[in-house]
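Below is one structure, written out as structure tokens; comments come after it.
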Amino acid sequence: MQLKRVVVTGLGALTPIGNNIEEYWNALVNGVSGAAPIKRFDAAKFKTRFACELKNFEVTDFINRKDARKMDPFTQYAMVASDEAIADANFDLEKLNKLRVGVIWGAGIGGLETFQNEAINFGAGDGTPKFNPFFIPKMIADIAPGNISIKNGFMGPNYTTVSACASSANAMIDALNYIRLGTCDVIVTGGSEAAVVISGVGGFNAMHALSTRNESPETASRPFDAERDGFVLGEGAGALVLESYEHAKARGAKIYAEVIGGGMSSDAHHMTAPHPEGIGVIAVMNNCLENAGIKPEDVDHINTHGTSTPLGDVAELKAISAVFGEHAKNININSTKSMTGHLLGAAGAIESIAAILAMKNGIVPPTINHVNVDENINPELNLTLNKAQKRNINIAMSNTFGFGGHNACVAFKKLDE
């Protein structure tokens with residue numbers, strides 16, 4: 001059968017450096033750090049006392065107080081970002097066949113704050129099981145797409161993908177394939193996460209995964225720098241409206257880019273550490289190239305996973321050199337996590353949005369906070385250090401990897417009519 005072409009017709013973002021697409025993009029291009037001391041709780045006794053939290057965000061500006069109380073923050077974030085993306089796609093909702101519109105969402109953890117607070121409250125009591133009736137429906141990871149579909153009446157496929165930090169990239173790949181196969185006309189996809197809470201920061205600290213650069217939070221996320229010491233936890237959401245090309249053209253939709261392929265693989269190596277030679281990452285990028293029907297030399301830009309961990313950054317860049325060979329030095333490589341921090345299950349969505357906007361605007365956002373050269377990294381690679389670079393981009397890729405060895409890679413192309 002002939003696979004349908006798939007395009008992006010709507011974008012939405014709620015991030016530590018911008019509460020909508022325009023703010024997010026402007027901050028990316030200008031190299032703005034979203035890291036600052038934690039405000040949500042008293043982190044004075046924690047090894048890490050900073051994060052990339054949302055700023056100037058009040059949920060009741062978007063969702064009425066009664067409904068917001070029934071949602072964990074990760075769902076609230078999903079609603080805000082998806083509302084922006086759906087509005088951006090500019091549908092005539094009266095004409096839209098909602099039976100053929102799905103919502104496939106990614107979340108690595110889900111309602112962590114809800115679970116944490118209920119456990120704390122129970123532990124502080126006398127053993128009597130007093131729980132909020134909304135405890136379970138607020139906590140479960142699948143409730144975000146459920147709420148999006150309920151609000152909009154979308155009756156197509158509806159579920160959450162959970163693959164740690166690869167979750168929203170996996171959601172996008174699933175959405176791509178459902179539309180390619182003709183099951184749906186439109187899918188709202190992306191991911192959200194709200195893990196900047198006591199248990200989130202404490203748990204990642206216990207793993208020694210987070211940067212502890214408390215004296216200089218804004219420079220703590222430093223992918224590829226020799227003195228990187230872990231990732232910076234972020235929060236927020238990214239949403240994309242994916243649509244069949246013929247459906248989008250028939251309604252005269254604005255099109256950002258074509259989604260040309262997606263790849264998946266597993267490291268099959270360790271619970272949290274990447275394979276040192278990046279064999280799973282090599283596999284996922286090769287799988288993506290094959291799925292997209294493109295050659296390595298066709299790729300102009302890669303938004304890396306680039307978390308700012310000592311092992312992960314080196315393994316990913318080794319893999320890029322292995323896959324792209326001599327062409328690797330011609331690719332604009334960057335890590336926007338240097339600005340946003342790591343949004344876990346939402347990372348693939350906001351970083352794909354960054355890659356799409358880089359292609360649309362002809363400029364690659366920088367990898368900020370790079371000061372010290374790492375001798376383990378190929379100096380010929382263009383890591384777009386510290387300053388945005390103008391670049392005509394025809395094809396861009398976004399890498400996202402998760403604990404458990406989950407790897408996902410998505411490829412986008414300027415629309416070829």
Side-chain angles (χ1 to χ4, degrees), residues 12-16 19 38-41 51 53-54 57-86 102-125 127-155 157-165 167-168 170-171 188-204 233-239 343-347 349-350:
L14 179 61
T15 79
N19 293 348
I38 291 170
K39 293 184 177 180
R40 182 165 288 127
F41 63 92
E53 294 177 290
L54 299 181
F57 174 74
E58 177 52 60
V59 66
T60 52
D61 290 342
F62 302 90
I63 304 170
N64 72 62
R65 190 174 301 276
K66 182 180 178 182
D67 289 338
R69 289 179 61 192
K70 300 174 185 177
M71 301 176 188
D72 183 87
F74 97 99
T75 300
Q76 296 172 0
Y77 302 166
M79 298 300 288
V80 172
S82 62
D83 280 353
E84 184 184 12
I86 293 165
V103 185
I104 303 177
W105 203 252
I109 300 175
L112 184 60
E113 183 174 62
T114 294
F115 186 89
Q116 166 195 287
N117 291 345
E118 291 291 327
I120 289 173
N121 290 340
F122 177 73
T128 303
K130 295 179 180 178
F131 290 89
N132 188 309
F134 291 103
F135 169 35
I136 298 300
K138 282 176 68 174
M139 177 196 71
I140 51 179
D142 64 293
I143 202 65
N147 273 294
I148 294 168
S149 69
I150 290 166
K151 177 175 181 177
N152 295 283
F154 299 154
M155 298 179 67
N158 183 278
Y159 60 91
T160 290
T161 56
V162 180
S163 50
C165 306
S167 296
S168 55
N170 280 132
V188 179
T189 187
S192 57
E193 208 76 88
V196 185
V197 296
I198 291 169
S199 52
V201 176
F204 283 116
L233 190 59
E235 63 176 357
L343 270 66
L344 308 179
I350 68 163

Inset, instruction - Check whether any side-chain heavy atom of I143 lies under 4.5 Å from a side-chain heavy atom of K138, and answer yes or no. - result: no
Legend entry - K151 and D83, any side-chain heavy atoms less than 4.5 Å apart: yes
Inset, instruction - Working to the nearest 0.5 Å, report the span between CD1 of I150 and CE of M79. - result: 8.5 Å
Inset, instruction - Find the distance between CD1 (I148) and CD1 (I104) and round it off to the nearest 0.5 Å. - result: 11.5 Å
Legend entry - From S192 atom OG to L343 atom CG, the distance as rounded to the nearest 0.5 Å: 9.5 Å
Legend entry - Taking every non-hydrogen atom, the tightest pair across I86 and F154: CD1-CE1, 3.8 Å
Legend entry - Exercise: identify the closest heavy-atom pair between L54 and P16: CD2-N, 3.9 Å
Inset, instruction - Identify the heavy atoms of T15 and A237 that sit nearest to each other, and give their distance. - result: CG2-O, 4.4 Å
Legend entry - Step-by-step side chain to side chain donor-acceptor pair (under 3.5 Å) determination, T114 to D72: CA-CA 6 Å; T114 294; D72 183 87; 2.7 Å; yes
Inset, instruction - Hey, could you give me the OH/CD1 distance between Y77 and I63, rounded to the nearest 0.5 Å? - result: 10.5 Å
Legend entry - Pairwise distance OG1(T160) to CH2(W105) - rounded to 0.5 angstrom: 9.5 Å
Inset, instruction - Verify, without hydrogens or angle tests, whether R65 (side chain) and T60 (backbone) share a donor-acceptor contact under 3.5 angstrom. - result: no
Inset, instruction - Taking all non-hydrogen atoms of both residues into account, name the closest pair between Q76 and V59 and its distance. - result: OE1-CG2, 3.5 Å
Inset, instruction - Could you tell me whether F204 atom CZ has more than 12 heavy atoms of other residues or ligands within 6.0 Å of it? - result: yes
Inset, instruction - Look only at the side chain of S168 and the backbone of G345, and say whether a donor-acceptor pair between them is shorter than 3.5 Å. - result: yes
Inset, instruction - Search all heavy atoms of V162 against all heavy atoms of G108 and return the closest pair with its distance. - result: CG1-O, 3.8 Å
Legend entry - Pairwise distance CG(L344) to CD1(I109) - rounded to 0.5 angstrom: 5.5 Å
Using atom types as modelled, flag every donor-acceptor pair under 3.5 Å from a side chain in residues 117-124 to any protein atom, sequence neighbours excluded.
{"residue": "N117", "atom": "ND2", "partner": "E113", "partner atom": "O", "Å": "3.4"}
{"residue": "E118", "atom": "OE1", "partner": "N132", "partner atom": "N", "Å": "3.3"}
{"residue": "N121", "atom": "ND2", "partner": "N117", "partner atom": "O", "Å": "3.2"}

Inset, instruction - Report yes or no: does T75 contribute a side-chain atom to a donor-acceptor pair with the main-chain N or O of M71 at less than 3.5 Å? - result: no
Inset, instruction - Verify, without hydrogens or angle tests, whether E84 (side chain) and A13 (backbone) share a donor-acceptor contact under 3.5 angstrom. - result: yes
Inset, instruction - Specify the closest pair of heavy atoms between A171 and G106, including all atoms of both residues, with the distance to one decimal. - result: CB-N, 3.9 Å
Inset, instruction - Check for a donor-acceptor pair, side chain of E193 on one end and backbone N or O of A346 on the other, with a separation under 3.5 Å. - result: no
